[in-house]
Each structure stands twice: as C-alpha cells, then as structure tokens.
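Within every chain, numbering begins at 1; the chains are lettered A, B, ... in the order of the sequence lines, protein sequences first and strands thereafter.
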Protein chains: 2
Amino acid sequence: MAAPVNDKSHLDLERYLPYLIHRVGTAIAEAFTADALAAQRLSIAMWRVLVVLDSNGAQRQIDLARLTSIDVSTLSRLISRLVRLGLVARIRSKTSNREVMVGIKAKGRALLDRLIPRARSYEVLVGAGVPAADLARVKTALRRMYANMAAHDAKQAGRKRAMKARAAARSPARHR
Amino acid sequence: MAAPVNDKSHLDLERYLPYLIHRVGTAIAEAFTADALAAQRLSIAMWRVLVVLDSNGAQRQIDLARLTSIDVSTLSRLISRLVRLGLVARIRSKTSNREVMVGIKAKGRALLDRLIPRARSYEVLVGAGVPAADLARVKTALRRMYANMAAHDAKQAGRKRAMKARAAARSPARHR
DNA sequence: TCATGATAAATGCATATGCAATTGTTGTAA
DNA sequence: TTACAACAATTGCATATGCATTTATCATGA
C-alpha cells in the first residue's frame, strides 16, 4: 500500500522534505504549547512574538510579521492583546508617524525568564539521538532553505508587480 | 542588538531549531499554495489530505488526522468538503460501524497527477544549494525528531491518564 | 508644490480552527 | 448478559485567521 520508491506518480512522504518539516514543526509547537505555554496562558503565536522581540529588539509590526511568519493583520490584533496584558508596548517611531515600534516590557521579559530555559531543554528533547555534527548541518541546511524560499518569494513578487504595471498600461490612465 | 551567543537569558533564534523549522515550514506552505494550489482552488490542508490518502491508501479519519497533523474535528469538516467536491469518498468500514474509511477518488487522483510533479520540483527548489549527503542527513534527522516528539507525546498522555485515574479514585465511584 | 503612488497599520468580514460536548458504536469485566 | 469505559466521528460555539479594504502617513517626480 505504501508508495514504491521509484513510482513517479506518487509521493513517498517519508522522504518528502516539506512533509517531514511540517510534521516536526507542528509536533514541536503542540507539545511546547501544552507543556510550557498553556500554564502561562500564552499561545504559541504570542510566544513567538515575545521571543523575537527579546532576541532582535524592538521592531515595526511589518518586520515582526516577517520574523514570526504571522500575517500582518493577525499580528496587529495579537499585539493589541499583548499590550492589554502588559507584556509589550507600542512606541511611536522616531522616524515616521505611520509606523509603530513594538517593544517588550518588564513583565514580558519576566515571562521569558521562566520560559527560555524550558525552550532550551525542548531543543535538546527534539534533537535527542541526532549526532551534534548532523544537528549543525541540519541548522545550516534549514537556514539555506529559508533563504531559497525568500529569494523565490521576491522573484514572484517582482513578477506580480510587473503584471500589475502591464495591466495599468493597457487600461486608460485614470485619475481620481 | 542581536543576542550574544553565550547569553543564557536570550534565545539566539538563528540557531534555535524549533524556530528554524517553523520558519521554513511556513514559507514552503505559503509559496506552494500561491504557486500551485491556488489555481486548483485547493488549500494546503486539502493537499495534505489528498497526498496522504494517495501515498498511504484509504484511512480512518483519526489516523488521517495523525498523518496530516490536522485536528480531528477540523478534519471531519474538511473531508465533508472534499466529498462534496468529488475528490474523496467516505466508505463504511468493514470491521466497525463507528469508523469510516476515507479514500481518494478518480477526480482526486487526476488532481494529484497534475500537482505531484510540481511538488517534486518544489522539493528541489527548497533544497537548492544543500549537498545531497547533507540533505539525506537532514531527512533522517527530521524523522528522528518526529519520533522523539511522538514518544514524548505518548509519555505525557500516559501521565494524563494516570492523573485522571487518581482523581477518579479519590472521588466516590458514581454510576449514571 | 502637490498630485500620485507606495507604505504601515488597523479594520470589516467571511471562513477556518480547536476545544468541549454529544452521538453512536465497540470492547470488556463483573 | 449487561453496565460501563473506551473509542470514532460529528457538532456547538467561541475565537483565530487571512484576505480585501480603509485610514493615515510618507516619498516621488512632473
């Protein structure tokens, strides 16, 4: 019933990279949420935001969205909740009034002080039984893969822009 | 501003495995959805269900949920939609009346015939620039990591069961 | 300078999601 | 056999999500 290795018409999921990655990612997120975050009434998305802010410093929401892989509109509402909880703060940007910087507050840092040790031990749990040398190679490979996707994304965005420009050129120039 | 490597109070996300995995997984899913699935009016969840059914054969919904990392209730509704679309079918199980087998139909297979080649080329895109030997190690490591999480999950489930049993023993045995 | 497009953030709205029941079925121990 | 727990699937419901749009600001070139 399992797909033969050389059958081109099926995918052998146990060897299909996107499947393997997604499966592990979901398993890690669910387990960490249940074991560490639930007790703090934090969702995995909240945790990701806090960690990125702590690790990379205050950010504009649009950059935070990219860094956390969360949609900007979802993130906007999520930040509002974190503000209400007193974990982060919206600070007006010094360079522009249309952008807002989001930074972590003391209460948010205190939460991280409790959670980061658990996150570290989780990383150990995840990688148990994998030789250290391989683990390093895995991390390097994952960074490269992300860069590949980002480059691909940029290319597609360029294509979309060009298509839009062509459409604008075809239709009569219109003011409003 | 970036966290120093030896600072124990911060996470260095560029070296933190769960972050690297989640980031790539999301990027792959979004790109594949935009490039290949959107034109077929398929969501990434639908694609995952179809591929698993094609790759592993007809499944009970509960097994399908595990294989696709989709919640059982979400999956139940998703299967209903796929049935309406004529891509899969619910077949009554031969061994039990409380379980339903879900299998792929010809129309679903036809869709996969078009999408699987694209999925293969996507895997190439993702892994571009990563040596083949490393790629193999990555896959092996990802399988091991998933096994680690599954084992951890089973352990936690056992703990929960024991806790429930103790609670039941404390409270008076009650019939209804 | 000022009209126009580009950008960041916030919202409206339809849909997706996940937890907690609920329903119906099966295994099993008294 | 027959209660009762365990199980598979479904459904109710509150919330989360993401796309499209709106609002406000900024950059730019004619």
Length of the line joining B:I62:CD1 and C:dT25:C1', which is rounded to integer Å: 14 Å
Spacing between A:M46 atom CE and D:dT17 atom P, to the nearest angstrom: 10 Å
Is there a donor N/O on one and an acceptor N/O on the other, under 3.5 Å, for the side chain of A:R77 and the base of C:dG12? yes
Looking at every strand, decide which applies to A:S73 at a 4.0 Å heavy-atom threshold: base, sugar-phosphate, or nothing. base
Which whole-number value in Å describes the distance from B:E30 CD to D:dG18 P? 8 Å
Check whether any side-chain N or O of B:N97 sits under 4.0 Å from OP1 or OP2 of C:dT26, and answer yes or no. yes
Indicate whether the side chain of B:S80 and that of B:R90 have a donor and an acceptor atom separated by less than 3.5 Å. yes
Closest listed nucleotide, where the reference is the side chain of A:R81 and the choices are D:dG18, D:dA16, D:dA9: D:dA16
Using atom CD1 of A:I79 as one end and atom C1' of D:dA16 as the other, report the distance to the nearest whole Å. 15 Å
Could you walk me through whether A:H152 and B:Y122 pass ring pair (Phe, Tyr, Trp, His ring centres under 6.0 Å), step by step? CA-CA 11 Å; A:H152 173 77; B:Y122 239 80; 5.7 Å; yes
Taking atom P of C:dT15 as reference, at what distance in whole Å does atom CZ of B:R84 sit? 12 Å
So, are A:R118 and A:E123 salt-bridged, with charged N and O less than 4.0 Å apart? no
Between P of C:dT25 and CZ of B:R92, the distance in whole Å: 9 Å
Per nearest nucleotide of DNA chain D, the residue lying toward the 5' end, B:R98 or A:I70, is B:R98
Between P of D:dA16 and CG of A:L42, the distance in whole Å: 13 Å
Separation of atom CG in B:L37 from atom P in D:dC19, rounded to whole Å: 13 Å
Ignoring backbone atoms, test whether A:R60 places a side-chain nitrogen or oxygen under 4.0 Å from the OP1 or OP2 oxygen of C:dA8. yes
Within the structure shown, what part of the strands sits under 4.0 Å from A:S96 by heavy-atom distance: base, sugar-phosphate, or nothing? sugar-phosphate
Hey, is B:R23 close enough to B:E14 for a salt bridge, meaning N to O under 4.0 Å? yes
For the CG atom of B:L111 and the CE atom of B:M46, what is their distance to the nearest 0.5 Å? 10.0 Å
Quick one: is A:T74 getting a side-chain N or O under 4.0 Å of the D:dA16 phosphate, OP1 or OP2? no
